[in-house]
Engineer: 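Before we start, here is the structure in question, set down as structure tokens.
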Amino acid sequence: WRAQGSPATCTKVVSFVDTATVTFAKLSTSDIEAYVKTGEPMDKAGSYGIQGVGGQLVERVEGDFFTVMGLPMHRVSRELSKAIRDLS
């Protein structure tokens, strides 16, 4: 924690990493081309959207589904709760 500004406010920086493993089904070239034609992968960091059409390409997820989507909600909420408790 560190105090900043006037009046002083508290700032705490917390960082963490969460990982998940995604296994794709065996895909043919035509499967991949059909998915690309949907336009869905064009604005995705991993070139697929598990929450959309791209979810049909996924055989298995090991870990938190929300981590794959980009925001591990359970972990974030735990960290926020802990930070709020620490302020008291």
Side-chain angles (χ1 to χ4, degrees):
W1 294 96
R2 69 173 184 245
Q4 284 182 255
S6 179
T9 58
C10 293
T11 303
K12 181 178 183 180
V13 176
V14 176
S15 64
F16 60 86
V17 175
D18 205 19
T19 59
T21 301
V22 177
T23 303
F24 284 86
K26 289 196 178 249
L27 303 172
S28 67
T29 300
S30 61
D31 292 332
I32 296 166
E33 288 171 350
Y35 181 58
V36 170
K37 283 182 185 177
T38 70
E40 186 179 79
M42 301 313 188
D43 65 348
K44 307 291 185 275
S47 296
Y48 75 100
I50 195 167
Q51 72 278 19
V53 178
Q56 297 175 42
L57 311 176
V58 175
E59 189 174 287
R60 181 174 63 247
V61 174
E62 297 172 43
D64 185 3
F65 175 82
F66 292 104
T67 294
V68 177
M69 283 188 52
L71 183 67
M73 294 179 66
H74 178 72
R75 179 74 187 271
V76 169
S77 66
R78 282 189 2 226
E79 294 295 335
L80 285 172
S81 293
K82 192 163 81 175
I84 291 166
R85 274 194 317 272
D86 290 350
L87 283 173
S88 303

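It should be emphasised that the depicted structure is a prediction, and the values quoted were computed from it without experimental measurement.
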Engineer: How long is the span from the CZ atom in F24 to the CD1 atom in I32, to the nearest 0.5 Å?
Structural biologist: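 So the CZ of F24 and the CD1 of I32 are separated by 9.5 Å.
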Engineer: What are the two closest heavy atoms between A20 and D64, and how far apart are they?
Structural biologist: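 Answer, listing the atom of A20 first, then D64: CB-O, 4.0 Å.
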Engineer: If you look at every heavy atom in F16 and P72, which pair is closest and at what distance?
Structural biologist: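 Shortest heavy-atom contact: CE1-CG, 3.9 Å.
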Engineer: Can you list every ring pair (Phe, Tyr, Trp, His ring centres under 6.0 Å) pair that touches residues 52-83, not counting sequence neighbours?
Structural biologist: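 Every pair satisfying ring pair (Phe, Tyr, Trp, His ring centres under 6.0 Å) with a residue in residues 52-83: there are none.
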Engineer: Is there a salt bridge (charged side-chain N to carboxylate O under 4.0 Å, His left out) between E33 and K37 once you walk through the steps?
Structural biologist: CA-CA 6 Å; E33 288 171 350; K37 283 182 185 177; 5.9 Å; no
Engineer: Going hydrophobic residue to hydrophobic residue with side-chain gaps under 4.5 angstrom, can you get from V61 over to V17?
Structural biologist: no
Engineer: Measure from the side-chain N and O atoms of D86 to the backbone N and O of A83, and report whether any donor-acceptor pair falls under 3.5 Å.
Structural biologist: no
Engineer: Heavy-atom distance under 4.5 Å between the side chains of V22 and Y48, does that happen here?
Structural biologist: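 They are in contact (side-chain heavy atoms under 4.5 Å apart), so the answer is yes.
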Engineer: Should M73 and V14 be regarded as members of a common hydrophobic cluster, given that ILVMFWY residues are connected when their side-chain heavy atoms come within less than 4.5 Å of each other, either directly or indirectly?
Structural biologist: no
Engineer: Evaluate the side-chain proximity of E79 to R75: yes if any heavy-atom separation is below 4.5 Å, no if none is.
Structural biologist: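 Touching, per the 4.5 Å side-chain cut-off.
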Engineer: Among all residues two or more places apart in sequence or in another chain, which pass the side chain to side chain contact (heavy atoms under 4.5 Å, CB included) test with L80?
Structural biologist: V76
Engineer: Apply side chain to side chain contact (heavy atoms under 4.5 Å, CB included) to Q56 and list each qualifying residue two or more places apart in sequence or on a separate chain.
Structural biologist: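 Per chain and number, Q56 pairs via side chain to side chain contact (heavy atoms under 4.5 Å, CB included) with V53.
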Engineer: Determine whether I84 and S81 make a side-chain contact, defined as any pair of heavy atoms from C-beta on separated by less than 4.5 Å.
Structural biologist: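 No, every pair of side-chain atoms sits at 4.5 Å or beyond.
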Engineer: Please check this pair: side chain of Q51 against backbone of M69, looking for a donor-acceptor N/O pair closer than 3.5 Å.
Structural biologist: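 Here the side-chain-to-backbone pair does not exist.
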Engineer: Give, for atom OG1 of T21 and atom CZ of R60, the distance between the pair rounded to the nearest 0.5 Å.
Structural biologist: 9.0 Å
